[in-house]
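Below: the structure, in structure tokens.
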Amino acid sequence: DRIHGRETPAVARLHLQPGVEPDGDVLRLPDGVARITCSKPVRTEESRWASGFGRVEPTVALAADVTPGTLVTRLDW
């Protein structure tokens, strides 16, 4: 995606399903691993996963500041 216009602070987030554990640039999945690379520093934040109506579970999200400039993210699995 490309966003045009005036730069304002923004954060890109990838909300992880419970059971997916971030470990550096590796995401440990219940049945394997995935690797994520990002052009900006990535941090973890507390998040929630809605697995169904009335069910909310704690989890984490990966977050990266988008501005100023460009954010490039690659996910391999």
Side-chain angles (χ1 to χ4, degrees):
D1 294 331
R2 292 188 187 274
I3 301 171
H4 299 280
R6 197 173 44 123
E7 286 188 7
T8 57
V11 177
R13 288 185 178 87
L14 175 62
H15 296 269
L16 303 178
Q17 175 178 332
V20 176
E21 297 291 330
D23 183 10
D25 65 346
V26 172
L27 300 177
R28 301 202 182 283
L29 311 172
D31 59 350
V33 296
R35 185 169 305 276
I36 188 165
T37 54
C38 193
S39 62
K40 304 265 179 141
V42 175
R43 63 187 177 276
T44 58
E45 298 180 346
E46 291 182 10
S47 185
R48 302 260 185 246
W49 177 267
S51 58
F53 290 106
R55 293 184 299 196
V56 179
E57 302 173 51
T59 188
V60 297
L62 302 180
D65 295 321
V66 176
T67 53
T70 301
L71 175 70
V72 178
T73 305
R74 180 179 171 143
L75 183 61
D76 296 294
W77 69 93

Evaluate the criterion side chain to side chain contact (heavy atoms under 4.5 Å, CB included) for residue pair Val33 and Leu27; output intermediate values, then yes/no.
CA-CA 6 Å; Val33 296; Leu27 300 177; over 6 Å; no
If you look at every heavy atom in Val42 and Ala64, which pair is closest and at what distance?
CG2-CB, 4.4 Å
Measuring only between side-chain heavy atoms, which start at C-beta, is Leu62 closer than 4.5 Å to Thr44?
yes
Which heavy-atom pair separates Pro58 from Pro18 by the least distance, and what is that distance?
O-CG, 4.2 Å
When hydrophobic residues are tied together by side-chain contacts of less than 4.5 Å, even through go-betweens, does Val60 share a cluster with Leu14?
yes
Quick one: pull up CZ in Arg43 and CZ in Arg13 and give me the separation to the nearest 0.5 Å.
7.0 Å
Ignoring hydrogens, what is the shortest heavy-atom contact between Val11 and Val66? Give both atom names and the distance.
C-CG2, 4.1 Å
Excluding Val56, membership of its hydrophobic cluster (Ile, Leu, Val, Met, Phe, Trp, Tyr; side-chain heavy atoms within less than 4.5 Å) reads none
Side-chain ion pair, Lys40 and Asp65, N-O less than 4.0 Å
no
When the side chains of residues 70-77 are checked against the rest of the protein, which donor-acceptor pairs come out under 3.5 Å, sequence neighbours left out?
unit_1, atom_1, unit_2, atom_2, d
Arg74, NE, Asp76, OD1, 3.0
Arg74, NE, Asp76, OD2, 2.9
Arg74, NH2, Asp76, OD1, 3.1

